[in-house]
Structures are given as structure tokens and as C-alpha cells.
Amino acid sequence: MATATDQLVGFGLVAFSLVLFVYYTLWIIVLPFIDSDHGIHQYFLPREYAVIIPVAAGLLLLLFIGVFIMFVMWKSRKHAKKSD
Amino acid sequence: MTKLAQWLCALALLGSAWAALALAPPGLQPPAPLRRALLPLPVYLLVAFGCYSLATVGYRLATFNDCEEAAAELQEHIRAARADLRRRGLRLGDQ
């Protein structure tokens, strides 16, 4: 059995990604087929944001990964110099 | 055919199908709601794949079988082995 924290975090991730998936599916796939005067449209941002937000988040992720790799490589270079 | 080639072929096929529908001239376009759902489809599939990956990682984290006694026993073995080797003169890195 995984520890309680592990289970909490794990199932939290599952719930979060489920919510995100359902919301995004409704936004992209279902909403175009619903009349524009239906009340459900008030819960969703304008459609451009459905593309802008994931792309921006993806770029941020790539930036973070790149910075992390740079950091780790810089640290290991200093260590190699020390042990020489 | 390698797996990479298979994936690239499938990607090219789906990509060209999407492009054909998305870039169709006004006379051949699919009906308006369908077209509005179709255009962001690559981004949608990417986000869906991301959600699936996150859910899989979370689920496997939550259902992983820790064996705490085995872990403690292993640590004990490691300690005994290190003490033994140190006694016999081997210089060990620290940890």
C-alpha cells in the first residue's frame, strides 16, 4: 500500500486531470453545437483562450525544463572541476 | 517498418486529413459548428494526452505497493556491507 500522502496526491492528480479534461472537452467540442443564447456559455471564456492558454502553458513548461537542465548541467560542471 | 516510421505515417495521415478539412475553400467547408470544433483539434488532442499522462502518473503513484519491511531490511544489509568493506580497507564514497 502506498503511503497516505502518496494516495492523496495521486488521486488528487487523477481528479484534477479529469476535471480539466471534461471542462476542455466541453469547451472545444460541445460548445460549438449549442445555441449562442444558452446559459452555459457564460461559464466559458471566449474561444480564442482555448488555444492561447494551453500553448502559453506549454511554452512555460518548456522554459522551465530548459532552465532546470541548464541549472543541473552548470552544477555538475562545477563538481567535475572540483574533483579533478 | 520501424515504430517511429509507423507513428510518423499515422501522424502525417491524420495531419493531412485535418489540414484538408481546415484549409478547404469556402465552397467545400464542413458546416459552421463542425468547423469551429475542428480547428482547435490538434491543441485539444495534445491537452487530452497531457491529461491522460497526468492521470496515469497520479493513479500509479496512488496504487504503488510499498514494501516497508523489505526496504528497512535492504538498508540494514547495505549498512552491514559498507561496514564490512570499510573494515577490509576499501575507501567508500560518503552518502
Side-chain angles (χ1 to χ4, degrees), chain A residues 1-38 40-41 43-65 75-76 79-80 82-84, chain B residues 7 11 14-24 26-76 90-95:
Chain A
M1 284 292 286
T3 61
T5 346
D6 280 354
Q7 283 188 322
L8 198 66
V9 171
F11 287 127
L13 281 179
V14 173
F16 172 73
S17 52
L18 204 64
V19 166
L20 196 66
F21 177 71
V22 167
Y23 184 83
Y24 201 66
T25 305
L26 280 175
W27 199 1
I28 296 256
I29 306 233
V30 176
L31 240 49
F33 294 96
I34 298 182
D35 291 329
S36 49
D37 50 3
H38 195 286
I40 200 176
H41 285 271
Y43 296 108
F44 294 90
L45 290 169
R47 217 165 152 67
E48 308 81 59
Y49 290 102
V51 176
I52 291 175
I53 295 179
V55 169
L59 287 178
L60 269 178
L61 186 73
L62 284 178
L63 183 73
F64 176 72
I65 291 175
K75 279 241 146 168
S76 73
H79 270 243
K82 251 186 104 174
S83 65
D84 270 344
Chain B
W7 277 87
L11 213 65
L14 294 172
S16 50
W18 176 81
L21 284 173
L23 302 171
L28 294 169
Q29 278 174 3
L34 208 71
R35 190 176 161 75
R36 287 186 71 208
L38 180 81
L39 285 182
L41 209 60
V43 180
Y44 170 76
L45 289 175
L46 214 61
V47 170
F49 173 69
C51 283
Y52 167 74
S53 310
L54 196 64
T56 308
V57 166
Y59 181 70
R60 299 252 175 99
L61 174 68
T63 56
F64 190 77
N65 282 324
D66 282 338
C67 325
E68 282 170 20
E69 312 109 33
E73 197 182 325
L74 190 61
Q75 295 286 44
E76 196 49 47
L90 179 67
R91 268 192 19 232
L92 292 167
D94 56 58
Q95 201 190 16

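Sequence lines set the chain letters: A, B, ... in the order given, protein chains first and strands last, and positions in each chain run from 1. Small disclaimer: the values here were computed from a predicted structure and weren't measured.
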Inter-residue atom distance [X].[atom1] - [Y].[atom2], 0.5 Å rounding:
X: B:L11; Y: B:S16; atom1: CG; atom2: OG; value: 9.5 Å
X: A:L26; Y: A:I34; atom1: CG; atom2: CD1; value: 7.5 Å
X: B:L38; Y: A:I28; atom1: CG; atom2: CD1; value: 11.0 Å
X: B:L21; Y: B:L28; atom1: CG; atom2: CG; value: 10.0 Å

Closest non-hydrogen atom pair, A:G10 against B:A62
CA-CB, 4.0 Å

Would you please go through residues 50-62 of chain A and name the residues with a non-hydrogen atom below 4.5 Å from one of chain B, in numerical order?
A:A50, A:V51, A:P54

Part of B:L34 within contact of chain A (heavy atom distance under 4.5 Å):
both

Across all chains, not counting sequence neighbours, the side chain to side chain contact (heavy atoms under 4.5 Å, CB included) partners of A:F64 are none

For A:L18, what residues pass the side chain to side chain contact (heavy atoms under 4.5 Å, CB included) criterion, not counting sequence neighbours?
none

Only pairs under 3.5 Å, no angle test: what donor-acceptor pairs are there between chain B and chain A?
from: B:R36; atom 1: O; to: A:R47; atom 2: NH2; distance (Å): 2.6
from: B:Y44; atom 1: OH; to: A:T25; atom 2: OG1; distance (Å): 2.9
from: B:F64; atom 1: O; to: A:A2; atom 2: N; distance (Å): 3.0

